[in-house]
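For reference, the structure discussed in these notes is given below.
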Amino acid sequence: VLWGIITDYRRLRDEAFKWYYVPWWQQGTGPRKAMDDIQDAYQAMHGHPFTSLISAPAAAGFAELRVERTVAAHAAVEALRMHASAHAGQLPAQLSDITIAPVPLDPSTGKPFVYSVSGRTATITSASPAGRDPQYYALHFEVTILPRNASQAP
């Protein structure tokens, strides 16, 4: 009986933790299903008491994603600033035009950050990941390139 309990626990644990290593934008419903299976097993007493020891790997993965996404967005902003500095204050039409430094992809989508330019101001954004409150989880950076001196003012 104990061996069966341990086997159930290991299967559920491995199923939940494997999603931790899959990029956020590729996970789909896998993590939610794994946590639902753990909850079902806990209620049916399969793998009990060990199933109660499995924390929320999906929550830990999301916390890591938030940090990775913020760091990637800051790296994109810095690449944008470097490009403007090397091109007399001109902003690129699109992020892929930046060659002076790498511009990371948005870790939440696996695609480039959303980018737009209006005059001397560039905007880099990332929508809130699915199911997360945009008020807290959306990213929005604006970069305004100022003239190098007053004689360059528009």
Side-chain angles (χ1 to χ4, degrees), residues 9-43 50-154:
Y9 160 74
R10 287 179 176 164
R11 180 183 51 79
L12 292 164
R13 179 204 59 201
D14 291 350
E15 184 63 28
F17 278 91
K18 78 177 181 184
W19 294 106
Y20 186 81
Y21 302 101
V22 176
W24 179 266
W25 53 274
Q26 291 180 324
Q27 290 180 359
T29 59
R32 178 76 260 149
K33 182 182 178 330
M35 293 312 294
D36 288 346
D37 290 348
I38 289 169
Q39 186 63 30
D40 292 345
Y42 180 76
Q43 291 174 353
F50 302 113
T51 52
S52 62
L53 300 174
I54 302 174
S55 64
F62 183 70
E64 187 174 313
L65 169 71
R66 288 176 32 211
V67 171
E68 288 175 359
R69 194 169 65 133
T70 300
V71 169
H74 281 280
V77 166
E78 289 307 310
L80 180 65
R81 290 166 33 111
M82 291 170 68
H83 175 92
S85 178
H87 293 88
Q90 295 299 309
L91 291 165
Q94 52 196 13
L95 289 176
S96 61
D97 292 341
I98 299 173
T99 58
I100 196 166
V103 180
L105 298 175
D106 181 342
S108 65
T109 64
K111 298 177 183 175
F113 286 98
V114 177
Y115 174 76
S116 63
V117 178
S118 177
R120 292 184 150 296
T121 302
T123 304
I124 295 174
T125 60
S126 176
S128 178
R132 304 294 176 154
D133 186 346
Q135 179 179 351
Y136 300 107
Y137 296 108
L139 292 180
H140 181 93
F141 292 90
E142 288 186 5
V143 178
T144 300
I145 304 299
L146 300 175
R148 290 181 190 230
N149 60 47
S151 67
Q152 293 178 333

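Sequential numbering from 1 along the given sequence is applied to the chain's residues.
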Okay, side chain of Arg120, backbone of Thr144: is any donor-acceptor separation there less than 3.5 Å?
no

Ion pair Lys33/Asp37, N-O distance below 4.0 Å:
yes

Contact summary for Pro104 and Ala72, nearest pair of heavy atoms:
CG-O, 3.4 Å

I'd like to know whether Tyr115 forms a side chain to side chain contact (heavy atoms under 4.5 Å, CB included) with Leu80, so could you lay out the CA-CA distance, the side-chain angles of the two residues, the decisive distance to 0.1 Å, and finally the verdict.
CA-CA 11 Å; Tyr115 174 76; Leu80 180 65; 3.5 Å; yes

ring-ring contact (aromatic ring centres under 6.0 Å, His included) with Tyr137: which residues, sequence neighbours excluded?
Phe62

Thr109 OG1 to Gln26 CD distance, which is reported to the nearest 0.5 Å
11.0 Å

Please confirm whether the backbone N or O of Thr121 pairs with a side-chain atom of Glu142, one donor and one acceptor, at under 3.5 Å?
no

Taking all non-hydrogen atoms of both residues, which atom of Ala127 and which atom of Arg69 are closest, and how far apart?
O-NH1, 3.0 Å

Main-chain N/O of Arg66 paired to Thr70 side chain as donor or acceptor, under 3.5 Å:
yes

Begin with the C-alpha distance, continue with both residues' side-chain angles, and end with the deciding distance and a verdict on side chain to side chain contact (heavy atoms under 4.5 Å, CB included) for Asp133 and Ser128.
CA-CA 7 Å; Asp133 186 346; Ser128 178; 5.8 Å; no

Please report the shortest heavy-atom distance between Ala73 and Phe141, naming the atom on each side.
CB-CE1, 3.4 Å

Looking at Ala79 and Ile98, what are the two nearest heavy atoms and their distance?
O-CG2, 3.8 Å

Inspect the surroundings of CZ in Arg81 and state if more than 12 heavy atoms from other residues, nucleotides or ligands are less than 6.0 Å away.
no

What pair of heavy atoms forms the shortest contact from Leu91 to Ala84, and how long is it?
CD2-CB, 4.4 Å

Atom pair CD/CG of Gln90 and Asp97 - distance to nearest 0.5 Å
12.5 Å

Got Ser108 and Ser126 here, is their nearest side-chain heavy-atom distance under 4.5 Å?
yes

Distance from Leu65 atom CG to Gln27 atom CD, nearest 0.5 Å?
8.5 Å

Considering all heavy atoms of both residues, which atom of Ala34 and which atom of Trp19 are nearest to each other, and what is their separation?
CB-CD1, 4.2 Å

So does Lys18 pair up with Asp14, basic N to acidic O under 4.0 Å?
no

